Amino acid sequence: MAEEYSAFDQAQREFDKVADMMELDPSFRAVLREPSRALLVNVPVRMDDGSIKTYPGYRVQHNTACGPAKGGVRYALDVNLDEVKALSMWMTWKCSLAGIPYGGGKGGIEVDVHDLSNMELERLSRRYFSEIQAIIGPNKDIPAPDMNTDGQVMAWFMDSYSMNTGHTTLGVVTGKPLSLGGSEGRHEATGRGVAISALNAMKKKEIDPKGATVVVQGFGNVGYWAAVILHEAGCRIIGLSDYYGGIYNADGLNPADAKERAMCEEDSVCNLLPGKKISNDELLALECDVLCPCALQNQLTKENAVNVKTKIISEGANGPTTLEADQIFNDKGILVIPDFLANAGGVIVSYFEWVQGLQFFFWDEDEVNKKLAQLMNRNMDRVYDLAVEKKISMRDAAYWFAIDRVAKATKWRGIYP
Ligand code: NAD
């Protein structure tokens with residue numbers, strides 16, 4: 001039977017593999033392998049019927065050598081300390097790779113939001129944020145939305161912090177509504193980043209985007225915007241899919257024609273656009289220039305990797321490719337842009353939101369998109385150059401770059417006292 005690892009074991013194993021490759025100094029390795037701080041809180045909430053319930057909550061800061069911790073807060077029944085530790089470590093590498101001045105953090109509450117009224121959700125959110133306030137702040141740790149948390153929850157977080165400190169503090173969370181210090185361009189940023197990375201890779205592979213064939217799996221926030229932006233760049237979108245199935249059209253599909261579908265799950269993209277209905281398995285095997293897996297994890301495996309006929313994979317989802325499939329793609333010469341490089345657009349625009357909030361000065365959408373493209377392209381070029389120089393995969397190069405930056409920052413700062 002295959003060995004099973006917890007999320008945090010997995011995160012440490014990934015780190016160890018690259019730390020070995022880099023011959024990272026063992027003393028720094030010990031610092032980077034564990035979170036620097038983990039706070040457990042017990043959140044009491046007065047329910048609408050007058051009773052009191054308590055919910056376990058967490059905030060973990062993995063590393064803050066490069067700047068304040070950054071990472072989402074999720075509300076789900078299966079949230080646990082091990083998972084939050086792993087997610088905070090992955091955020092350290094993601095922010096480091098993105099070249100933004102943040103460390104990694106993550107938080108969560110063990111709760112099923114469907115069991116709560118809106119008022120109970122508000123009281124839970126405000127009390128949780130007050131409980132973790134000792135380690136939170138615009139220069140300390142900046143939470144953001146994650147699973148089952150949204151702009152409304154961020155607004156309650158921001159308001160609670162501001163009430164407790166006595167002044168409005170926009171920079172304490174990101175992912176806020178536009179009218180409350182949110183950033184233009186944040187909603188489509190992740191998909192835009194996936195598209196920018198794919199266009200960059202096409203240039204490296206000398207593929208003309210005009211007419212290049214693209215397949216996108218998943219038609220939610222990430223997949224929809226990746227498809228729209230690649231379509232706008234002149235690519236031919238020949239395959240799209242969602243949970244219900246896929247659609248193929250060799251002449252090209254216009255994803256914007258199914259915009260309503262992307263915003264709600266009421267109908268399937270395969271019923272809204274003209275073409276041949278196909279399964280998700282058939283979609284992943286379509287011959288194309290670019291494949292963007294933007295649905296969920298473990299979609300490209302050692303079983304189906306041999307059927308994949310693309311030149312570039314730009315990973316919008318988190319963990320869509322297993323390690324075995326990644327090896328097969330590398331052997332086949334497919335350029336894989338790993339998830340924490342390709343889908344970093346969201347955290348990069350969150351960084352822009354924070355910068356704008358600190359200055360109380362806001363940019364227009366063009367400015368945000370221009371700056372996002374600059375950072376995405378710079379990061380992609382750095383990882384590609386390192387992969388070529390070291391003769392390693394893009395994924396290993398991305399980890400290498402990310403870990404190296406944090407290790408150097410830690411070394412420069414030294415160990416206090
Ligand atoms: P979403 O819920 O808006 O969309 C998910 C889409 O995938 C839906 O269209 C759904 O129908 C489809 N889908 C579900 N199961 C499928 C299946 N078996 N086959 C094909 N399609 C299927 O989610 P999202 O925000 O677009 O996120 C997608 C992925 O990107 C997730 O892995 C998420 O963790 C990751 N991600 C999202 C962001 C972000 O800013 N939204 C940032 C980084 C990473």
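In this text the structure is predicted, and so the values were computed from the model without any measurement. Whatever order the structure lists ligands and atoms in, that order sets their numbers, starting from 1.
- The closest heavy-atom contact to atom 29 (C) of ligand 1, among the options Ala295, Gly218, Gly345, comes from Ala295.
- Only the side chain of Thr190 comes within 4.0 Å of ligand 1, judged by heavy-atom distances.
- Tyr128 pairs in a side chain to side chain contact (heavy atoms under 4.5 Å, CB included) with only one of the listed residues (Phe157, Trp156, Tyr58), which is Phe157.
- Here His231 and Trp225 keep their ring centres 6.0 angstrom or further from each other.
- Near Cys294, the atoms of ligand 1 lying under 4.0 angstrom from a non-hydrogen atom of the residue are 28 (C).
- Every atom of ligand 1 with a heavy atom of Asn280 under 4.0 Å away is listed here by number and element: 19 (N), 20 (C).
- Within the 4.0 Å heavy-atom criterion, neither part of Ala189 lies near ligand 1.
- With sequence neighbours excluded, no residue satisfies ring pair (Phe, Tyr, Trp, His ring centres under 6.0 Å) with Trp90.
- Considering backbone and side-chain N/O of Asn221, one or more are found under 3.5 Å from N/O of ligand 1.
- Residue Asn318 has at least one nitrogen or oxygen atom sitting less than 3.5 Å from a nitrogen or oxygen atom of ligand 1, judged on distance alone.
- Lys204 forms a cation-pi arrangement with Tyr384, by the criterion of a distance under 6.0 Å to the ring centre and an angle within 45° of the ring axis.
- With sequence neighbours excluded, the residues satisfying side chain to side chain contact (heavy atoms under 4.5 Å, CB included) with Val222 are Thr190, Val194, Cys294.
- Looking at Val222, Val349, Leu283, Asn298 and measuring to atom 38 (C) of ligand 1, the nearest heavy atom belongs to Val222.
- The distance from ligand 1 to the heavy atoms of Leu296 drops below 4.0 Å at these ligand atoms: 15 (N), 16 (C), 17 (C), 18 (N).
- Ligand 1 has an N or O atom lying under 3.5 Å from an N or O atom of Tyr243, backbone or side chain.
- Ring-centre distance between Tyr399 and Phe340: below the 6.0 Å cut-off.
- When each of Ile238, Val216, Leu283 is tested with Cys288 by the rule side chain to side chain contact (heavy atoms under 4.5 Å, CB included), just one qualifies, namely Ile238.
- Within the cation-pi definition used here (under 6.0 Å to the ring centroid, within 45° of the axis), Arg13 qualifies as a partner of Tyr5.
- Near Gln217, the atoms of ligand 1 lying under 4.0 angstrom from a non-hydrogen atom of the residue are 19 (N), 20 (C).
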